[in-house]
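A short write-up of the structure that comes next.
Only a predicted model underlies this, so the values are computations on that prediction, with no experimental measurement involved. Numbers for residues simply follow the sequence, beginning at 1. Just so it is clear, the values below take in all heavy atoms, side chains as well, and ignore hydrogens, waters and symmetry mates.
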Amino acid sequence: MTEPVLEARKVSKHYGHVLALDEADFTAYPGEVVALIGDNGAGKSTLVKTLVGAIRPDQGTILVDGAPVALTSPVDARGYGIEAVYQDLALAPDLDSAANLYLGRELYRIPFVRVLNRHAMRERAVAAFAELGIALPDVSVPVGMLSGGQRQSVAVARAVAFASRIIFMDEPTAALGVVQRGRVLDVIRRVRDRGVSVVLVSHNMPEVLAVADRVEVLRMGRRVATFTAARTSVDELVGAMTGALELSAGADRGSAQ
């Protein structure tokens, strides 16, 4: 079997008396879209923040390509090729698409005096957008003037440009219309086809089944089931999230703890 690109083993996290993660497990394999789902308070956000280095777990192990790692910050995670796209997108609305793509990682013509190489950033941005099938009216337009789907695509492209292993996407289509959602899902598929794994955090079950290869379910701070997306249904996913569906341990389409 292929080695997981990213794995969490028995990861726990307390916030005072609240146990947000209770020996949670998670696995992502190379070149797949794996959905991470669960009801509100299931621990999804805490697990994602742990896996991108934003918080440190109280116990447990995180592995990249099978080797244990210590992710002490998002900078550490980026060093392992791990990127994240959050719901707020973290874009600078007054800057254009190319500047946002290289925000914090700017290219310079003269590094010592920090003269920006705007031409190189724009050329590379156009190539990056084209590779992902992202159609923008003009990369020189401030992103604040773009549609919601276009802004989401810019944020995804920025993550793809620097992620060599895995990208986390938190509710990437939550505020989008039907057409824009479809375009973002197409971008996610293109990212997967490039060999970069995508972790999709979403409450939209039909969307999850449309784009994911596998689905991992969190409930009460731990992984309770995994499914092959092609062999499951919305009813089964909701049942696993709520505890209404009990699965046999080691079943072909899923497992329960």
Side-chain angles (χ1 to χ4, degrees), residues 1-2 4-15 18-52 54-55 57-63 82 84-87 166-174 181 184-185 188-189 191-192 197-257:
M1 181 177 288
T2 304
V5 65
L6 182 65
E7 187 176 5
R9 295 180 184 172
K10 297 190 179 301
V11 170
S12 295
K13 180 65 181 179
H14 290 81
Y15 291 104
V18 177
L19 181 59
L21 293 177
D22 181 14
E23 296 190 350
D25 298 310
F26 176 79
T27 309
Y29 292 97
E32 73 165 358
V33 178
V34 54
L36 179 62
I37 67 171
D39 210 347
N40 291 332
K44 302 186 302 297
S45 294
T46 303
L47 181 58
V48 169
K49 289 177 182 177
T50 299
L51 293 172
V52 301
I55 62 174
D58 298 326
Q59 65 181 55
T61 305
I62 297 173
L63 303 96
I82 302 169
V85 180
Y86 299 104
Q87 279 185 272
I166 191 165
I167 298 174
F168 287 82
M169 297 187 186
D170 185 10
E171 300 286 355
T173 65
R181 285 202 302 269
V184 171
L185 295 182
I188 290 173
R189 295 185 184 100
V191 173
R192 175 196 60 195
S197 302
V198 178
V199 180
L200 174 65
V201 182
S202 178
H203 285 91
N204 188 321
M205 296 301 102
E207 199 170 271
V208 162
L209 292 180
V211 75
D213 300 299
R214 287 191 311 111
V215 184
E216 301 212 351
V217 184
L218 286 186
R219 180 159 53 86
M220 299 178 66
R222 61 169 52 198
R223 183 176 66 189
V224 295
T226 64
F227 295 91
T228 299
R231 297 195 212 123
T232 190
S233 66
V234 171
D235 287 343
E236 284 188 318
L237 296 182
V238 173
M241 287 169 54
T242 61
L245 176 68
E246 294 297 333
L247 299 170
S248 300
D252 179 52
R253 65 186 178 187
S255 60
Q257 296 177 349

Between CG of Leu21 and OG1 of Thr46, what distance do you get to the nearest 0.5 Å? 5.0 Å
Would you indicate whether Lys13, at its atom NZ, is surrounded by more than 12 heavy atoms from other residues, nucleotides or ligands within a distance under 6.0 Å? yes
Pairs of donor and acceptor atoms involving the side chains of residues 30-43, under 3.5 Å and at least two apart or interchain, shall be tabulated with distances.
residue : atom : partner : partner atom : Å
Glu32   : OE1  : Arg214  : NE           : 3.1
Glu32   : OE2  : Tyr29   : N            : 2.9
Glu32   : OE2  : Arg214  : NE           : 3.4
Glu32   : OE2  : Arg214  : NH2          : 2.9
Asn40   : OD1  : His203  : NE2          : 3.3

Taking the basic N atoms (NZ, or NE/NH1/NH2) and the acidic carboxylate oxygens, is any pair closer than 4.0 Å for Asp25 and Arg9? no
Under the criterion side chain to side chain contact (heavy atoms under 4.5 Å, CB included), I'd like the reasoning laid out for Thr61 against Glu7: C-alpha separation, chi angles, the key distance, then a yes or no. CA-CA 8 Å; Thr61 305; Glu7 187 176 5; over 6 Å; no
One pair to check against side chain to side chain contact (heavy atoms under 4.5 Å, CB included): Phe168 and Leu6. What are the steps and the verdict? CA-CA 11 Å; Phe168 287 82; Leu6 182 65; 3.6 Å; yes
Please confirm whether the backbone N or O of Glu23 pairs with a side-chain atom of Ser12, one donor and one acceptor, at under 3.5 Å? yes
Could you give the distance from CD1 (Ile55) to OG1 (Thr50), rounded to the nearest 0.5 Å? 3.5 Å
Would you say the side chain of Val217 lies within less than 4.5 Å of the side chain of Thr226, judging by non-hydrogen atoms? no
Can you see which heavy atom on Val215 is nearest to which on Ala229, and at what distance? CG2-CB, 4.3 Å
Rounded to the nearest 0.5 Å, the CZ atom of Phe227 sits from the CD atom of Glu236 at a distance of 5.5 Å
Which atom names give the shortest non-hydrogen contact between Gly221 and Ala24, and what distance separates them? O-CB, 3.4 Å
So which heavy atom on Pro172 is nearest to which on Met169, and how close? CD-O, 3.9 Å
Nearest heavy-atom pair of Arg219 and Thr242: which atoms, and what distance? CD-C, 3.8 Å
Checking the side chain of Thr228 only, and the main-chain atoms of Arg231 only, is there a donor and an acceptor separated by less than 3.5 Å? no
Can you list the steps and then say if Leu185 with Glu207 is a side chain to side chain contact (heavy atoms under 4.5 Å, CB included)? CA-CA 8 Å; Leu185 295 182; Glu207 199 170 271; 3.5 Å; yes
So which atom in Ile62 and which in Val11 form the shortest heavy-atom distance, rounded to 0.1 Å? CG1-CG2, 4.5 Å
Measuring from atom CD of Gln59 to atom NE2 of His14, what distance do you get when rounded to the nearest 0.5 angstrom? 7.5 Å
Locate the shortest heavy-atom distance separating Val211 from Arg192; write the atom from each residue and the value. O-NH1, 3.8 Å
Ile167 and Ile188: CA distance, side-chain angles, deciding distance, side chain to side chain contact (heavy atoms under 4.5 Å, CB included) verdict: CA-CA 10 Å; Ile167 298 174; Ile188 290 173; over 6 Å; no
